[in-house]
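Structure, as structure tokens:
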Amino acid sequence: REALPGIMAWLLIELLTLAVITGAICRAGLGEGDDRFGFLQFGLNEVRIFLLLVFRLVVALGLIFVAGMVGDAGATVNPADGAALQLAGLLAALCGMIWLEVRLSLNVAQSFATRRLDILGSFALTRGRFWPLFWGYLAATGLSLCVTVLCGQIGAAVLGIGFGTRIAGTLPDVTSIRA
């Protein structure tokens with residue numbers, strides 16, 4: 001409970017930052033505006049993107065909540081199968097979130113291009129294209145993770161060679177909030 005205000009502040013900052021960066025990507029991709037500050041601006045387009053991100057977050061949290069409620073209801077009816085029902089509910093929520101995220105993945109670009117808030121418009125754009133989009137997003141995520149790991153290893157090697165420090169293997173203390 002004591003961490004909730006900090007988490008909420010972080011979430012707001014994260015969503016605003018993501019809205020501005022996504023707006024810059026859309027602006028650069030569509031060739032709009034000037035690139036004085038790397039296409040970074042804060043205007044109505046970024047507010048629309050922020051609202052879309054909040055909508056997607058609320059829907060994802062709602063799916064997790066409903067899956068938890070279904071799993072808990074099943075666990076009270078049949079306690080022996082409670083863990084299996086909760087796992088099945090969470091897997092169903094995860095599959096639902098993935099399906100919904102892929103189907104809504106183009107609503108930010110569409111809202112940016114049309115200059116109006118279009119929450120469900122990307123369903124028409126992604127109809128019949130779920131699997132190609134899913135595999136493309138999965139490949140992009142895998143490549144992103146590879147780059148992240150490699151950059152971390154290169155950074156650790158540079159620090160180790162240049163300064164004699166050992167970064168790999170040192171884990172932060174996460175035993176309490178204070179730490």
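What you see is a predicted model; the values in this text were computed from it and never measured.
- Counting only distance, with no hydrogens or angles, the side chain of Ser144 and the backbone of Ala140 share no donor-acceptor pair below 3.5 Å.
- Between the CE atom in Met8 and the CD1 atom in Ile13 there is a gap of 12.0 Å [rounded to 0.5 Å].
- There is a path of hydrophobic side-chain contacts, each under 4.5 Å, that joins Leu106 to Leu138.
- Side chains of Leu120 and Leu104 form a contact here, defined as non-hydrogen atoms less than 4.5 Å apart.
- When each of Val47, Leu52, Ile49, Asn107 is paired with Leu117, the side chain to side chain contact (heavy atoms under 4.5 Å, CB included) condition holds for Leu52 and for no other.
- The distance from the CD1 atom of Ile25 to the CG atom of Leu30 is 11.5 Å, given to the nearest 0.5 Å.
- By the criterion of side-chain heavy atoms lying less than 4.5 angstrom apart, applied directly or through intervening Ile, Leu, Val, Met, Phe, Trp or Tyr residues, Leu63 is grouped together with Leu57 in one hydrophobic cluster.
- Within the model, atoms CD of Glu14 and CG of Leu11 stand 8.0 Å from one another, a figure rounded to the nearest 0.5 Å.
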Step-by-step side-chain contact (heavy atoms from CB on, under 4.5 Å) determination, Asp118 to Phe112: CA-CA 9 Å; Asp118 194 357; Phe112 190 91; over 6 Å; no
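- Taken together through direct or relayed side-chain contacts under 4.5 Å among Ile, Leu, Val, Met, Phe, Trp and Tyr, Ile21 and Trp10 form parts of separate hydrophobic clusters.
- No continuous path of hydrophobic side-chain contacts links Leu12 to Ile7 [ILVMFWY only; heavy atoms under 4.5 Å].
- Within a 6.0 Å sphere centred on CZ of Phe65, heavy atoms belonging to other residues, nucleotides or ligands number 12 at most.
- If you chain together hydrophobic residues whose side chains sit under 4.5 Å apart, Leu44 and Phe55 never meet in one group.
- Minimum heavy-atom separation, Arg48 to Asn45: NH1-OD1, 2.6 Å.
- Between the side chain of Glu46 and the backbone N or O of Gly23, no donor-acceptor pair lies under 3.5 Å.
- For the atom pair OG1 (Thr126) and CZ (Phe123), the distance works out to 6.5 Å, reported to the nearest 0.5 Å.
- Looking at Arg56 and Val108, their side chains come closer than 4.5 Å, going by heavy atoms from C-beta outward.
- The list of salt bridge (charged side-chain N to carboxylate O under 4.0 Å, His left out) pairs with a residue in residues 143-153, not counting sequence neighbours, is empty.
- The two atoms that bring Ser105 and Ser122 nearest to each other are N-OG, 4.2 Å, heavy atoms only.
- Closest approach of Ala109 and Cys26 over heavy atoms only: CA-SG, 4.2 Å.
- Taking the six-membered ring where tryptophan is involved, the planes of Phe134 and Trp131 are perpendicular, since the angle between them exceeds 60° and thus also 30°.
- The shortest distance between side-chain heavy atoms of Thr22 and Phe50 does not fall below 4.5 Å.
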